[in-house]
Amino acid sequence: MLFSKLLIPTLKEAPQEAEIVSHKLMLRAGMIRKVASGIYTWLPLGLKVLKKIENIVREEMDASGAQEVFMPMVQPRELWEETNRWEKMGPELLRIKDRHDRDFCLGPTHEEVITDIIRDNVKSYKELPLNIYQIQTKFRDEVRPRYGIMRGREFLMKDSYSFNNDEESLQETYLLMRETYKKILERIGLDYKISAADSGAIGGDSSEEFHVLAENGEDTIAVSDASEFAINTELLLKDGEDIKSLEGKPSPDGKGIIQIKKGIEVGHIFKLGKLYAESMKANVLNSDGKAQVLCMGCYGIGVSRLVAASIEQNYDEKGIVWPHSIAPFDINIISIGHDKNKDIEKASMKLYKDLTKMNYSVLLDDRKDGYGKKIKDSELIGIPLNIIVGNKYLENEEVELLARNGESSINPVSDLKTILDFFKTK
Ligand code: ATP
Ligand code: MG
């Protein structure tokens, strides 16, 4: 991609409205722009990162054996009446009417729609278990949308729903999803904790949240410093416990000391049991030919929130430091004097084509600006590796490799292998 042709409206200063670092940097890097409160347009750079995360989520979901579908965003009132959630959801559910005065809502989640599909189309216990997922826009009329896409009203979620014959099978799928979420967060390269959680408006028997640890997290979690023990303090408050009494105390699992941390909830997995299946009469015939109520699980991961959460964990005073797995481009070729010197232009274009052919996603900064502006922009938008084609090329046909972490080396432009090895180790 040529920088001069891309819509990347970078900003020197973050607009006043941005309070936390990820929101500031997403605006400054030209990744998103606000359309209305909690509603954003994803510009090319932001969309590239969003799609990278979406792909990681999709690959891991497919590898787990889950099947992808695409459900409508607009859902009829009747389905929500069946679970009593038309009333229960309150003002977070955005309700609309069609031209015939019929009630609909914009889907904040899809338990009703998917359970309706399964009850109509799956008849025998032999067809289970099933795990169905989608990656789709959700709408929740949040009381306090804030922090940009971190808490939007419109956001992208991967939601999946499992249908099982019994609790034992549900437990198996639940653990498989738990492992799948771990793989997703590890592939992105995030530091996270899995905490026992309150099941909120989704309900069900029990649930766990995946928290990316970051100072700006909205959740407070109690974690052990020596084991995997973690619990959302929301759950403790609900049970009347006192958070302060936990701080510095031995962990309830007998390993380590409790510390209080801030976390961003990026995923939430639930054992729903028969909650929705009972109210929506979702049954299959069991081996005796008798109707048996389905057991369900549901598993959500905030695809768009993960973009912001990744920034909260990976930035410095210059800008974003993307983990390689989700960087919008792998390499930025900074061509100094691109418009003035044919040799520089030719060498930069050759490098650009060669690296692109090798399946790297490459940005070529061919703008008229000088080195200062170009490197500042590159650091702001967080590209892992810069290749600087300038004076050293004119002198000795050499280029400077400059990683986002500051490490650098000088190499002959023809030595692609060294360039790529350098990229891989940074
Ligand atoms: P929160 O406690 O942050 O409001 P939630 O418990 O309402 O989230 P779930 O219903 O568990 O959220 O949704 C699954 C995932 O969707 C969450 O773990 C989160 O990553 C994401 N998500 C939920 N609400 C939003 C939002 N308003 N903006 C962006 N992502 C969201
Ligand atoms: Mg939740």
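What's counted below: heavy atoms across the whole structure, side chains too, no hydrogens, waters or symmetry copies. Atoms within each ligand, like the ligands themselves, are counted from 1 in listed order. Here the structure is a predicted model, which means the values were calculated and not measured.
- Proximity to Gly152 (heavy-atom distance under 4.0 Å) selects the following atoms of ligand 1: 26 (C), 27 (N), 28 (N).
- Side-chain N/O atoms of Thr220 and Lys262 include a donor and acceptor closer than 3.5 Å.
- At a 4.0 Å cut-off, at least one heavy atom of Gly267 sits close enough to ligand 1 to count as contact.
- Any N or O atom pair closer than 3.5 Å counts here, and Glu209 shares no such pair with ligand 1.
- Residue Ile387 is tested with Ile334, Asn332, Leu355 for a side chain to side chain contact (heavy atoms under 4.5 Å, CB included); the sole match is Leu355.
- Polar contact with ligand 1: absent for Gly300 (N/O pair, distance under 3.5 Å).
- Using a 3.5 Å distance cut-off with no hydrogens or angles, the side chains of Ser279 and Asn84 do not pair a donor with an acceptor.
- Residues Glu111 and Tyr276 bring no donor and acceptor atom of their side chains to less than 3.5 Å of each other.
- Residues Ser287 and Tyr125 bring no donor and acceptor atom of their side chains to less than 3.5 Å of each other.
- In terms of polar-atom proximity, Arg305 is counted as a contact of ligand 1, with an N or O under 3.5 Å from an N or O of the ligand.
- At a 3.5 angstrom cut-off on N or O pairs, Val266 counts as close to ligand 1.
- Residue Arg151 holds the heavy atom nearest to atom 3 (O) of ligand 1 of all those in Arg151, Glu265, Glu218.
- Close contacts between ligand 1 and Glu142 involve ligand atoms 24 (N), 26 (C), 27 (N) [criterion: under 4.0 Å to a heavy atom].
- The closest approach between Lys138 and ligand 1 stays at or above 4.0 Å for every heavy atom of the residue.
- A side-chain donor-acceptor contact under 3.5 Å links Glu127 to the backbone of Lys123.
- Between His268, Arg146, Arg140, Glu92, it is Arg140 that holds the heavy atom closest to atom 12 (O) of ligand 1.
- Checked by atom type, the side-chain pair Asp366/Ser4 shows a donor-acceptor distance below 3.5 Å.
- Between the side chains of Lys24 and Tyr315, not a single donor N or O lies within less than 3.5 Å of an accepting N or O.
- Residue contacts with ligand 1 for Ile149 involve N, CA, C or O but no side-chain atom from C-beta outward (heavy atoms, distance under 4.0 Å).
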